[in-house]
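Along the sequence shown, the residues carry numbers beginning at 1. In listed order, ligands and their atoms are each counted from 1.
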Amino acid sequence: MTLLDTIDRDEAGTPGDDGLRDLIFARYRQSVQAGNAEVNAVLETILAHRSVRDYLPAPLPPGTLETIVAAAQSAPTSSNLQAWSVVAVEDPARRARLSAVSGNQRQILQAPLFLVWLADLSRLRAVAGGLGKTSDGLDYIETFLLSVIDATLAAQNAVVALESLGLGSCYIGGIRNQPQAVAAELGLPAEAIAVFGLTVGYPDPARPADIKPRLSQEVVLHRETYGESRPAAPLGLYDTILRGFQAEQKLPAIDWTEQASARIGTSEALKGRHALTETIRALGFALK
Ligand SMILES: Cc1cc2nc3c(=O)[nH]c(=O)nc-3n(C[C@H](O)[C@H](O)[C@H](O)COP(=O)(O)O)c2cc1C
């Protein structure tokens, strides 16, 4: 039983009057002063997000990949440049090799589909070249960043879409551990790099993931200006709330403040990604 199971629903399964407040409560495990808008399917899908790391072997119905990609391509994109691509990998042997270079993450083997999202400037380089024009603007870190932003917005649209279809997913930042190996495996052109992977499949109901609480809004939401130093109290409260989630999910007990500090504590904790600037250049990006 999860917090969401306690939400009042009508016969059609739509949350009742307090539905939005309940959904938001489930995200924070604290009350948040929210407006009194009615819940709709989009809000319900977004607020109920959770990463899924246990999948059924069932494949996706035909056409699902194309639906997901249409949702991804519906995301805004800087100057309509559409500077991203995605590689859909189903072949178990290829998924196994990609898992091996992404920190041996089991969910890549288990999920029937692995989407590799690319920051991709190769197409724009070719477009300009085809017109006999220069493309010097691609050489700057600004344009690299633009392509990463484009890929990220597209992928998150895909996540919302696939969750609305009853599918689950998990981003895989581990794909950046060895970008050159990934580029070789996927046959990427110069100026294309995998920025994250995404496992996709039907969640295993025997090992359900729950909604992971987030930092309280008073920690992340600033009004007008960023303001003075942030209060320590909400972080202590978040440690406690997250400990509760960890206990329910049978995850190792660790304060968020400890976990976050360990993740950023040393270059070794970046698992090879500390050398990313050189690697990105080696893949053809100038990064001026
Ligand atoms: C860019 C990105 C990379 C991630 N990489 C991994 C990963 O390699 N392995 C993993 O298990 N989860 C990964 N995650 C999932 C996060 O751990 C997860 O989103 C976070 O803990 C919050 O949990 P939730 O998504 O269930 O709300 C990644 C998430 C993002 C956004």
**Student:** Is a side-chain N or O of Ser122 found less than 3.5 angstrom from the main chain of Glu191, in a donor-acceptor match?
**Tutor:** no
**Student:** Which residue owns the protein heavy atom closest to atom 6 (C) of ligand 1, what's the atom, and how far is it?
**Tutor:**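 It is Tyr171 O, 2.9 Å.
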**Student:** Can you tell me which residue and heavy atom of the protein come closest to atom 8 (O) of ligand 1, and the distance to 0.1 Å?
**Tutor:**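 Of every protein heavy atom, Gln105 NE2, 2.9 Å lies nearest to atom 8 (O) of ligand 1.
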**Student:** Please list, in number order, the atoms of ligand 1 under 4.0 Å from a heavy atom of Arg50.
**Tutor:** 26 (O)
**Student:** Using heavy atoms and a threshold below 4.0 Å, how should the contact between Ala209 and ligand 1 be classified: side chain, backbone, both, or neither?
**Tutor:** neither
**Student:** Is it the case that ligand 1 has an N or O less than 3.5 angstrom from some N or O of Lys212?
**Tutor:**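 Yes, there is a polar N/O contact under 3.5 Å.
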**Student:** Just by modelled atom types, is the Ile241 backbone N or O under 3.5 Å from a matching donor or acceptor in the Arg29 side chain?
**Tutor:** no
**Student:** Check the hydrophobic clustering (I, L, V, M, F, W, Y; side-chain heavy atoms under 4.5 Å; chains of links allowed) and say if Leu167 and Val160 are grouped together.
**Tutor:** no
**Student:** Given the rule that I, L, V, M, F, W and Y join up when any side-chain heavy atoms are under 4.5 Å apart, are Tyr171 and Ile175 in one cluster?
**Tutor:**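 No, because Tyr171 and Ile175 fall into different hydrophobic clusters, even though each may have its own neighbours under 4.5 Å.
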**Student:** Return yes or no for this condition: an N or O of Gly173 is under 3.5 Å from an N or O of ligand 1.
**Tutor:** yes
**Student:** Looking at Gln107, which atoms of ligand 1 are within less than 4.0 Å of one of its heavy atoms?
**Tutor:** 10 (C), 11 (O)
**Student:** Is the number of heavy atoms from other residues, nucleotides or ligands under 6.0 Å of Arg207 CZ greater than 12?
**Tutor:** no
**Student:** If you count the atoms of ligand 1 from 1 in the order shown, which ones are under 4.0 Å from a heavy atom of Gly174?
**Tutor:**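 Those of ligand 1 that fall under 4.0 Å from Gly174 are 8 (O).
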**Student:** Can you report which non-hydrogen protein atom sits closest to atom 22 (C) of ligand 1, along with the distance?
**Tutor:** Arg214 NH1, 3.5 Å
**Student:** Tell me, which protein residue and heavy-atom name are nearest atom 19 (O) of ligand 1, and how many Å apart are they?
**Tutor:**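 For atom 19 (O) of ligand 1, the nearest protein heavy atom comes out as Ser51 OG, 3.4 Å.
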**Student:** Using the salt bridge (Lys or Arg N to Asp or Glu O under 4.0 Å) rule, take Arg125 and Asp120 through it: C-alpha gap first, then chi angles, then the decisive distance, then the call.
**Tutor:** CA-CA 10 Å; Arg125 187 75 79 187; Asp120 186 1; over 6 Å; no
**Student:** With a 3.5 Å distance limit and no angle check, can you tell me whether Arg123 reaches the backbone of Ser85 through a side-chain donor-acceptor pair?
**Tutor:** no
**Student:** Below the 3.5 angstrom mark, is there an N/O of Arg53, backbone or side chain, next to an N/O of ligand 1?
**Tutor:** yes
**Student:** How many angstroms lie between CD1 in Ile141 and NZ in Lys288, if you round to the nearest 0.5 Å?
**Tutor:** 13.0 Å
